[in-house]
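Values reported hereafter were calculated over all heavy atoms of this structure, with side chains retained and with hydrogens, waters and symmetry mates removed.
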Amino acid sequence: MLRAQNLYYHFPVPRNIFSPCSAAAATLGRRNCIGTAFNCCSAKPEMRQLWFPPLFPFVLPSITTKSGLAGLAGAVSFSLALSSVVEAKEPVSLEFLPKDVVLYQYEACPFCNKVKAFLDYHDIPYKVVEVNPFGKKEIKWSDYKKVPILVVDGEQLVESSDIIDKLNQRIHPEKTILDEEESKWRRWVDEHLVHVLSPNIYRTISEALESFSYITSHGNFSFHERLTAKYAGAAVMYLVSKKLKKKYNITDERAALYEAAETWSKAIDGREFLGGSRPNLADLSVFGVLRPIRYLKAGKDMVENTSIGEWYQRMEAAVGESSRLQALDVHKQYS
């Protein structure tokens with residue numbers, strides 16, 4: 001499970017604590033354990049908070065004053081803008097809505113969060129089974145030993161990008177033509193963006209501990225596994241991150257992260273989303289991969305030092321609340 005080229009083989013963070021979810025871990029004693037937690041899927045592929053302060057924590061001044069009128073106008077303008085984002089939601093016809101969806105995941109896996117972003121945006125209800133990276137007993141029924149694994153009405157789907165493609169085709173059978181720009185940026189996420197994340201969230205010992213603290217708090221670990229994973233995993237991933245820098249020719253982690261964020265922002269080119277008035281699959285992929293790190297130091301630095309924040313805020317509003325159902329021990333029915 002050392003495969004450093006696969007971000008989730010070293011990357012941890014989630015949708016709640018980081019306004020969304022993640023991955024990380026590469027080797028540590030029992031190598032394929034923790035590495036799994038951060039290496040959820042193949043390279044192919046809520047304390048929910050916004051990236052900004054609350055939007056409405058203000059006292060509306062008296063509208064009888066000039067400033068009051070200006071404030072009212074601003075509030076109305078904002079409400080209109082927000083309503084346009086809400087309209088970006090893309091409902092699924094009941095005719096094509098899956099009846100039973102189960103996601104086997106690591107909460108911090110970026111690739112798992114790609115899949116969840118798609119499900120949440122389309123309001124597709126799904127159950128989650130958190131996989132323990134040490135034994136993986138939750139997926140012993142499957143020949144595929146990575147995450148995410150999505151079981152849709154009894155059919156197993158694997159590889160995050162393939163999962164999204166198949167689900168999208170199922171709920172939008174009329175969409176048969178692939179958008180070249182959309183495809184290009186989805187490849188960019190899998191082939192470039194994910195590789196910039198691990199060197200950033202494990203850049204220093206303190207940042208590695210921050211990442212593993214989240215992972216161990218939200219993952220499926222026993223008490224002893226949690227302690228081992230947090231400290232040994234953080235140390236291992238700190239060292240692995242240095243090798244990743246060399247592998248991907250990264251000299252300055254933060255500069256590479258900021259450059260990637262600005263590259264994406266320029267691709268938006270003044271639009272609400274890459275998909276125009278509504279997010280497309282590329283928007284959902286970038287959002288899904290980034291939201292696990294949003295409230296880690298790396299994610300905070302990214303928002304403060306690049307122009308990606310406004311797009312991310314629109315995405316968070318468009319995707320909306322999670323459509324995740326109450327957690328259940330559903331893996332037994334597939335064992």
Side-chain angles (χ1 to χ4, degrees), residues 1-4 6-41 46-49 103-113 115-116 128-139 145-149 194 197-242 244 288-300 322 324 327 329 331:
M1 278 315 230
L2 287 197
R3 296 172 46 191
N6 190 339
L7 169 65
Y8 197 74
Y9 282 76
H10 13 260
F11 178 95
V13 246
R15 170 174 179 150
N16 358 343
I17 231 184
F18 306 118
S19 185
C21 316
S22 64
T27 34
L28 134 137
R30 296 155 74 170
R31 299 174 139 181
N32 56 337
C33 299
I34 301 291
T36 295
F38 290 168
N39 266 322
C40 50
C41 23
E46 307 83 58
M47 216 181 292
R48 275 180 69 89
Q49 305 175 28
L103 174 65
Y104 293 80
Q105 66 152 25
Y106 298 130
E107 183 66 23
C109 166
F111 295 105
C112 296
N113 279 286
V115 174
K116 287 191 287 188
V128 167
V129 175
E130 190 68 21
V131 177
N132 181 307
F134 287 95
K136 299 184 180 180
K137 64 180 181 180
E138 294 81 7
I139 56 174
K145 299 306 179 183
K146 301 177 186 178
V147 296
I149 295 176
V194 293
L197 303 184
S198 288
N200 274 277
I201 64 175
Y202 303 121
R203 184 181 62 151
T204 65
I205 291 295
S206 62
E207 287 182 89
L209 282 170
E210 176 193 36
S211 297
F212 268 86
S213 180
Y214 173 82
I215 295 172
T216 55
S217 297
H218 294 76
N220 184 4
F221 296 95
S222 69
F223 175 75
H224 295 296
E225 289 172 341
R226 186 175 298 115
L227 290 179
T228 301
K230 179 176 179 179
Y231 295 101
V236 168
M237 289 314 302
Y238 169 73
L239 297 175
V240 169
S241 70
K242 307 309 173 187
L244 291 175
V289 165
L290 289 180
R291 69 181 179 180
I293 75 164
R294 170 57 188 97
Y295 293 100
L296 293 177
K297 179 172 173 50
K300 293 176 181 177
S322 174
R324 175 175 177 167
D329 187 20
H331 72 274

**Request:** For A208 and A234, work out which heavy atoms get closest and say how close.
**Result:** CB-O, 3.5 Å
**Asked** Looking at CZ of R324 and CG of L103, how far apart are the two atoms once the value is rounded to the nearest 0.5 Å?
**Response** 8.0 Å
**Sub-6.0 Å ring centroid separation between F134 and F221** = yes
**Complete:** d(L227 CG, T216 OG1) to nearest 0.5 Å is 8.5 Å
**Prompt:** Nearest heavy-atom pair of E207 and A298: which atoms, and what distance?
**Reply:** OE1-N, 4.1 Å
**Asked** Between NZ of K116 and CZ of R291, what distance do you get to the nearest 0.5 Å?
**Response** 6.5 Å
**Asked** Looking only at atom types and distance, does a side-chain atom of K145 sit under 3.5 Å from a main-chain N or O of I139, one as donor and one as acceptor?
**Response** yes
**Fill in**
Value for CE (M237) from CZ (R203), rounded to nearest 0.5 Å, stands at 15.5 Å
**Fill in**
Looking only at heavy atoms, the pair that brings E210 and Y295 closest together is OE2-O, 4.0 Å
**Message:** Please find the pair of heavy atoms, one from T204 and one from S206, that lie closest to each other, and give the distance.
**Reply:** OG1-OG, 3.1 Å
**Complete:** Across all chains, not counting sequence neighbours, the side chain to side chain contact (heavy atoms under 4.5 Å, CB included) partners of I205 are L209, Y238
**Request:** Check whether any side-chain heavy atom of S198 sits under 4.5 Å from a side-chain heavy atom of V240, and report yes or no.
**Result:** no
**Message:** For Q105 and V115: C-alpha separation, side-chain torsions, deciding distance, then whether side-chain contact (heavy atoms from CB on, under 4.5 Å) applies.
**Reply:** CA-CA 10 Å; Q105 66 152 25; V115 174; over 6 Å; no
**Asked** Is there a side-chain contact between N200 and I293, using heavy atoms and a 4.5 Å cut-off?
**Response** no
**Message:** Name the residue from E138, K137, E130 that meets the side-chain hydrogen bond (donor to acceptor under 3.5 Å, both in side chains) definition with N220.
**Reply:** E138
